[in-house]
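See structure below.
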Amino acid sequence: MQKLKDIMTDKKLMYYIFGGIAGIVILFGAIFLVLKMLGRKISYSELENQLYSATEKYLKENDIYYPNEENPETIISSEDLVQGKYIKELNKLVKDNCSAEIEVLYKNGGYAIRPLLSCDKYESQLFYDKILADNPVTDEGNGLHDLYEMLVFRGDRVNNYVKFNGTLWRIVKMNPVDNTIYLILDNVKEAPNDIWDDRYNTAEESRHGINDFPVSVISSTLKELYRTKFNTVKAKMVPMDICVGKRSNTETINDGSIECSYVMEEPEFVTLMQINDYINASTDRRCNTVEDPACGNYNYLVNKNGKWWTLTADGTKGTKVYSINYNGNINSDYANSKKFIRLMIAVDGNNLYQEGNGTSNNPYIMK
């Protein structure tokens, strides 16, 4: 009893005892957390990410499986990755019975890795399918409309935001035949501010430029922007037919047949918006021609941050091109004036959906 009292009164010894107990508790706590982490099940999205990373490592160490122009697609199974110890068995990672095939596609000089996960309770979702599921086709008001063999976003309140290449875009339209999704830059101030063309126009004896897109200054600018600004995402992009037919200010046909009366021989990856696409984005029935001020009504493409160029030239003036002003009105302006170059691109909707619901705060993101 006296020894116990001596121990209790020896402060230094008491510190050692309590310190030792605390250390043991911390050690057991750390071991418990480590074991819990080792046994933690991950989400399906995290598993898709792990399959993606594992495939990258697999290809670096087995480069004979890289696809190329002659053989543009390679299929790698999850069993290949497990056997090579690039990833754990899938049923040890998620609370489900899963298998996966990983498509590796050679596109535009780059590689797209697409992990397709098949589980009892989950299937990987394509980007196109997710957008279509969130936006049922409608005949009236804001939303996705079936128009001229395309699915077109119309109205001023549509959840069609996409985060791509570190920038916010809006979905303009989707091709239901091949799942191509067309995007336009959301904030024009993130685009260059430049001329459309500034060459001397001999036909009109004017220095206001020539409105022939294939040989224009802006055509060269767009090629350079693709070369320098999209290096990490080129495999997710799709080349587009460039419709550069000119249009008069009284024309009322908006199915694209006027703009596509002249299509450039070579497709491009970065372009501008055709004027008919801008007209079709408005749900105001009075918007039919480039002269109608109603085209700025109920139109998500109106951008009050600046004036921006379209792809379409004025068919009545060899020096003028259609642009959109702050209020959404369509103007016919001299090609040598400066405006924002609001980029338009196309992406492959067969890429995997990652996250988002299409709002500005939570835009769609593809893997």
Side-chain angles (χ1 to χ4, degrees), residues 43-46 48-49 52 112 114-117 122-191 230 232-233 235-238 240 270-271 273 277-284 296-305 308 324 328 342-367:
S43 69
Y44 297 112
S45 180
E46 288 173 320
E48 288 170 344
N49 290 338
Y52 186 99
R114 186 183 299 158
L116 299 173
L117 192 59
Y122 174 83
E123 293 282 340
S124 295
Q125 191 169 24
L126 299 183
F127 194 59
Y128 179 95
D129 292 341
K130 172 60 177 176
I131 295 166
L132 194 57
D134 287 352
N135 300 274
V137 175
T138 182
D139 294 327
E140 294 290 337
N142 297 317
L144 196 61
H145 293 241
D146 189 344
L147 192 68
Y148 306 129
E149 299 181 352
M150 286 279 187
L151 298 180
V152 179
F153 273 102
R154 308 184 71 197
D156 57 348
R157 297 180 183 179
V158 288
N159 293 328
N160 63 348
Y161 288 89
V162 173
K163 189 72 173 291
F164 184 75
N165 197 32
T167 305
L168 205 58
W169 304 75
R170 306 296 293 270
I171 303 170
V172 177
K173 57 187 178 182
M174 309 196 304
N175 189 333
V177 175
D178 60 9
N179 290 7
T180 297
I181 300 172
Y182 296 83
L183 309 177
I184 191 169
L185 195 64
D186 178 49
N187 186 354
V188 297
K189 284 196 171 180
E190 294 185 3
F230 294 88
T232 62
V233 294
K236 293 183 172 68
M237 298 172 68
V238 177
M240 299 168 285
V270 178
T271 186
M273 173 172 275
D277 282 333
Y278 179 77
I279 291 172
N280 290 334
S282 171
T283 55
D284 195 314
N297 294 338
Y298 316 115
N299 192 332
Y300 70 92
L301 290 168
V302 175
N303 197 304
K304 296 186 180 299
N305 288 323
W308 48 282
I324 314 298
R342 193 176 184 183
L343 307 182
M344 190 163 176
I345 62 174
V347 296
D348 186 355
N350 294 313
N351 288 302
L352 287 186
Y353 162 77
Q354 178 170 319
E355 60 182 273
N357 60 9
T359 62
S360 58
N361 294 326
N362 189 20
Y364 292 118
I365 299 175
M366 69 176 70
K367 286 188 182 293

Q. Quick one: OH on Y148 to CG on N280, what's the gap to the nearest 0.5 Å?
A. 5.5 Å

Q. Does K163 have any salt bridge (Lys or Arg N to Asp or Glu O under 4.0 Å) partners at least two apart in sequence or in another chain, and if so, which?
A. none

Q: Could you tell me which residues satisfy side chain to side chain donor-acceptor pair (under 3.5 Å) with S124, sequence neighbours excluded, listed by chain and number?
A: E48

Q.
For L301 versus W308, what's the shortest heavy-atom pair and its separation?
A. O-CZ2, 3.7 Å

Q) Taking only residues two or more places apart in sequence, or in another chain, which ones meet Y122 in a ring pair (Phe, Tyr, Trp, His ring centres under 6.0 Å)? A) Y44

Q: Assess the side chains of T180 and D178: does a donor N or O sit below 3.5 Å from an acceptor N or O?
A: yes

**Q.** Single hit among N357, N160, T359, D134 for side chain to side chain donor-acceptor pair (under 3.5 Å) with Y364
**A.** D134

Q: For K236, enumerate each residue passing the salt bridge (Lys or Arg N to Asp or Glu O under 4.0 Å) test, keeping only those at least two apart in sequence or located in another chain.
A: none

Q. Tell me the side-chain hydrogen bond (donor to acceptor under 3.5 Å, both in side chains) pairs involving residues 342-353, sequence neighbours left out?
A. K107-D348, N179-N350, D348-N350

Q. How far does CZ of F153 sit from CG of N159, to the nearest 0.5 angstrom?
A. 8.0 Å

Q: Mind checking the OG1-CD1 spacing from T271 to I184? Nearest 0.5 Å is all I need.
A: 10.0 Å

Q: Decide whether a cation-pi geometry holds between R157 and Y300; the criteria are a distance under 6.0 Å from NZ or CZ to the six-membered ring centre and an angle within 45° of the ring axis.
A: no

Q. Nearest 0.5 Å, what's the NZ-NE2 distance between K173 and H145?
A. 15.5 Å

Q. When you look at K189 and N303, which way does the side-chain hydrogen bond (donor to acceptor under 3.5 Å, both in side chains) test go after all the steps?
A. CA-CA 10 Å; K189 284 196 171 180; N303 197 304; over 6 Å; no

(Q) Taking salt bridge (Lys or Arg N to Asp or Glu O under 4.0 Å) as the cut-off, I'd like each qualifying pair that reaches into residues 141-150, sequence neighbours left out, listed once. (A) none

